[in-house]
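Structure in structure tokens, see below.
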There are 2 protein chains.
Amino acid sequence: MSRRSFPAPDPADAASVFAALGDETRLAIVTRLCTDGPQSIVRLTERAHVSRQAITKHLHALAHAGLVRSKRDGRERIWQMQPRRLGDARRYLDQISAQWDAAIDRLRALVEDG
Amino acid sequence: MSRRSFPAPDPADAASVFAALGDETRLAIVTRLCTDGPQSIVRLTERAHVSRQAITKHLHALAHAGLVRSKRDGRERIWQMQPRRLGDARRYLDQISAQWDAAIDRLRALVEDG
DNA sequence: GTCATGAGCAACCTCCAGGTTGCTTGTTGG
DNA sequence: CCAACAAGCAACCTGGAGGTTGCTCATGAC
């Protein structure tokens, strides 16, 4: 990915990332992975209020959206953030915010002119 | 860092906003409201591939998340963006991105120190 | 070797998001 | 006044998200 001029994010991709973040348990997982770094399923489960299998399913959902990835390490599986998609989501929000601001400005100009 | 004046967004609120944006149809509605400005249900339905009632339900979902609001105007109901929550979501993403970057830096420092 | 531990797999349950159709209510333009 | 149009309401259907339990498999510790 070139650093200049990011392409407009695909709405379908953006929606899938937002959907992945749109669950409190998953958002908590993401937050923990961001603050505490890569870690195993049991460790992620310890402070959660659902079962290990539920956490596993959520991790797979996050992986499907491209937000996390994992690698096997001995008898553990270590999960970590994959921040690229997070950046996509941020850029998408920035984009529609900018569009909204522009629309507001147009509206304001219209009102003030006439 | 940036914008310390904003309180840290409530994870539950953030999750509900992300969930609202996590559907392609709703994301399209938001985009259209941002680019084309406030408009009625029929107008929003015209270029959509689902029924008017489906659009109505999505609008209510967005309203529940605080992303849009509406007012009655004659026999129409006009819907428009309410960009505050959008800002909350952006800030939340910025926050966890920053946390991730910090974690990466800590990890790197640890590795380099030995 | 064997046992405890971390993870994977599968079946199952429940609930609600997302969609539809059909009808009613209200407003407005002619 | 009334016909057409925008929206609201209600009932209904379906798939899949989110959760659980129970079992098996693999690996590391001792």
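Within every chain, numbering begins at 1; the chains are lettered A, B, ... in the order of the sequence lines, protein sequences first and strands thereafter.
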Which sits closer to the 5' end of DNA chain D, B:Arg77 or A:Ala54, going by the nucleotide each is nearest to? B:Arg77

Walk along DNA chain D from 5' to 3' and tell me the first and last nucleotide with an atom closer than 4.0 Å to a non-hydrogen atom of chain A. D:dG18 to D:dG28

Would you check if A:Lys57 and A:Val50 make a side-chain contact, meaning some heavy-atom pair closer than 4.5 Å? no

Picking from B:Glu76, B:His60, B:Arg77, B:Gln82, what satisfies side-chain hydrogen bond (donor to acceptor under 3.5 Å, both in side chains) with B:Ser70? B:Arg77

Can you pull out the residues from residues 38-50 of chain B that lie within a 4.0 Å heavy-atom distance of DNA chain D? B:Ser40, B:Ile41, B:Val42

If each of A:Lys57 and A:Trp79 is mapped to the nucleotide of DNA chain C with the nearest heavy atom, which maps nearer the 5' terminus, i.e. the 5' end? A:Trp79

N/O contacts under 3.5 Å, protein versus nucleotides 28-30 of chain C?
none

Figure out the CD/P separation between A:Glu76 and C:dT5, and round it to whole Å. 13 Å

Euclidean distance, atom CD of residue B:Glu24 to atom P of C:dG18 [Å, nearest integer]: 12 Å

Here the distance between atom P of C:dT5 and atom CZ of A:Arg72, to the nearest Å, is 17 Å

Within a strict 4.5 Å, meaning less than it, do heavy atoms of the A:Leu67 and A:Leu33 side chains meet? no

Please determine whether residues A:Ile96 and A:Leu107 belong to a single hydrophobic cluster, defined as Ile, Leu, Val, Met, Phe, Trp and Tyr linked transitively by side-chain heavy-atom distances below 4.5 Å. no

Is it true that A:Arg108 and A:Asp105 have a side-chain N and a carboxylate O under 4.0 angstrom from each other? yes

Spell out, as yes or no, whether a donor-acceptor pair under 3.5 Å connects the side chain of A:Arg26 to the backbone of B:Ala15. no

So, does the side chain of B:Gln53 form a donor-acceptor pair with the base of C:dG22 at under 3.5 Å? yes

Atom pair CZ/CD of B:Arg43 and B:Glu46 - distance to nearest 0.5 Å: 8.0 Å

Round to the nearest Å and state the distance from B:His64 atom NE2 to C:dC16 atom P. 13 Å

Interatomic distance, CG@A:Asp36 vs CZ@B:Arg106, rounded to 0.5 Å, equals 8.0 Å

Answer yes or no: does atom CZ of B:Arg84 have more than 12 heavy-atom neighbours from other residues, nucleotides or ligands under 6.0 Å? no

Should A:His58 and A:Leu44 count as side-chain neighbours, where that means a heavy-atom distance under 4.5 Å? no

Salt-bridge present (B:Arg91, B:Asp94; N to O < 4.0 Å): no

